[in-house]
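Encoded as structure tokens, here's the structure I'll be asking about.
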Amino acid sequence: MTDPRRHLFLAATAAAVLLATACGGTTIDDAQDEGAQGPTGTADPDAEIPEGLAIDFLPKQLNNPFFDLVNAGGEEAVEAVGGVATERGGTEATADSQVEYINAASQAGSDVIVIAANDPDAVCPSLNEARDNGAVIVGYDSNANCTDVFVNQSNNQLIGQTLVDMAEEQLDGEGTFAVLSATPNATNQNAWIEEMEQILQEDEYADLELVDTVYGNDDDLESFQEMQGLMQSHPDLDAVVSPTTVGLAAAARYVSDSEYQGELVVTGLGTPNQMREFVHDGTVGQFALWNPHELGYLAGYTGAALKAGQITGAQGETFTAGDLGEFTFETDGEVVLGPPLVFDADNVDDFDF
Ligand code: RAM
């Protein structure tokens with residue numbers, strides 16, 4: 001994307017977020033936003049966050065560079081409120097493994113569980129038990145249907161739009177593409193794919209065709225193999241869109257070393273540090289993301305403020321999330337970090353995450 005157009009695009013996405021928030025977020029109406037149970041009780045904005053809160057972070061999986069960044073941000077927020085942060089999880093992005101770690105956190109007397117759920121429902125019985133045991137439950141990144149509040153990285157519609165627009169622009173408006181997603185049950189990816197499917201119905205995108213969706217389960221090797229399989233099933237594919245940092249990195253690695261390099265558009269959600277080499281070798285023209293560190297920080301802070309009773313998560317509540325400044329619950333039970341950023345050869349070197 002050339003500079004002026006990119007600025008226009010970023011301005012448009014920022015405006016869309018403002019519009020969505022100004023309207024009370026009425027454009028958001030999909031699964032990823034239905035999770036939070038909603039606020040109970042009354043907020044006391046002057047309530048102090050008590051020292052020593054036990055705040056547990058349960059990413060989708062360990063060993064995912066994206067969650068390493070998110071949780072480093074979370075730890076920083078916990079440090080700022082004088083709490084104790086623990087990261088718990090397995091190496092596979094499954095609900096089963098999360099249930100085990102939710103129970104462990106609860107038994108250890110967790111005050112706040114911050115979770116990127118691998119399934120919107122399967123984690124709920126144990127999360128509800130943890131709540132009965134005194135924890136507040138914060139969803140971040142990927143929501144479950146039983147969280148108290150959800151810290152959304154962005155607006156789902158905007159993420160879907162950004163993904164479609166990056167493909168459309170690089171394909172000059174015409175072509176076939178496939179989605180290489182994370183796990184089939186991931187609330188966040190499913191919400192974004194659903195948004196993409198809606199957007200593709202618009203006349204403007206009539207010449208773009210989504211031909212397949214495959215799942216690499218946020219495992220590097222599986223994602224690489226799915227990418228290989230996609231090219232075998234669709235040798236004439238024009239683009240692949242991967243709405244997961246794990247999938248996009250694996251897809252780029254596969255394509256950079258194949259006959260498809262420079263022919264196939266590879267785009268999606270990725271971290272600048274993982275994608276840099278593929279932008280510079282011409283495999284990837286554009287990709288997008290939010291700041292993972294800020295997502296973790298906001299989630300950690302929101303959990304502490306919720307536990308302290310400063311907020312309940314009711315629509316209209318405002319609070320200060322430490323160094324990140326002021327945030328407002330534009331809808332019941334959901335606070336949003338901000339619009340995604342689009343990266344390309346012109347700006348990828350300006351970011352270190
Ligand atoms: C992967 C995970 C995560 C998602 C990012 C974009 O690391 O699937 O949930 O938000 O990609």
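Start at 1 and go down the list; that is how both ligands and their atoms are numbered. Fair warning: this is a prediction, and the values are worked out from it, not measured in the lab. Note that these values count all heavy atoms, side chains included, but never hydrogens, waters or copies made by symmetry.
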_Does only the side chain of Y140 get under 4.0 Å from ligand 1, or the backbone, or both, or neither? Count heavy atoms._
neither

*Interatomic distance, L171 atom CG to E174 atom CD [nearest 0.5 angstrom]*: 9.0 Å

*Output the list of atoms in ligand 1 that are nearer than 4.0 Å to some heavy atom of N64, sorted by atom number.*
1 (C), 7 (O)

*Atom indices of ligand 1, in the order listed, that fall short of 4.0 Å to a heavy atom of Q153*: 10 (O)

_Taking the six-membered ring for Trp, are Y140 and F150 closer than 6.0 Å centroid to centroid?_
no

*asked:* Below a 4.0 angstrom heavy-atom separation, can you tell me which part of T245, side chain or backbone, both or neither, approaches ligand 1?
replied: both

*Of the choices D218, I159, T244, which has the non-hydrogen atom that lies closest to atom 8 (O) of ligand 1?*
D218

*atom 9 (O) of ligand 1: which protein heavy atom is closest, and how many Å away?*
D141 OD2, 2.4 Å

*Below 3.5 angstrom, do we get any N/O pair linking K60 and ligand 1?*
yes

*asked:* Closer than 4.0 Å to some heavy atom of W290 - which atoms of ligand 1 meet that?
replied: 6 (C), 10 (O)

*Show which atoms of ligand 1 fall inside a sub-4.0 Å distance from at least one heavy-atom site of Q189.*
2 (C), 4 (C), 8 (O)

*Check each atom of ligand 1 against the heavy atoms of W192 and keep those under 4.0 Å away; list them by number with element.*
10 (O)

_Looking only at the side chains, is there a donor atom on one of N71 and E87 sitting less than 3.5 Å from an acceptor on the other?_
yes

*Side chains of E334 and N152, donor plus acceptor under 3.5 Å*: yes

_Return the CG to CD distance between L69 and E294, rounded to the nearest 0.5 Å._
12.0 Å

*Any side-chain heavy-atom pair from M231 and Y260 closer than 4.5 angstrom?*
yes

*Relative to the ring of F327, is the ring of F319 parallel (under 30°), tilted (30 to 60°) or perpendicular (over 60°)?*
tilted

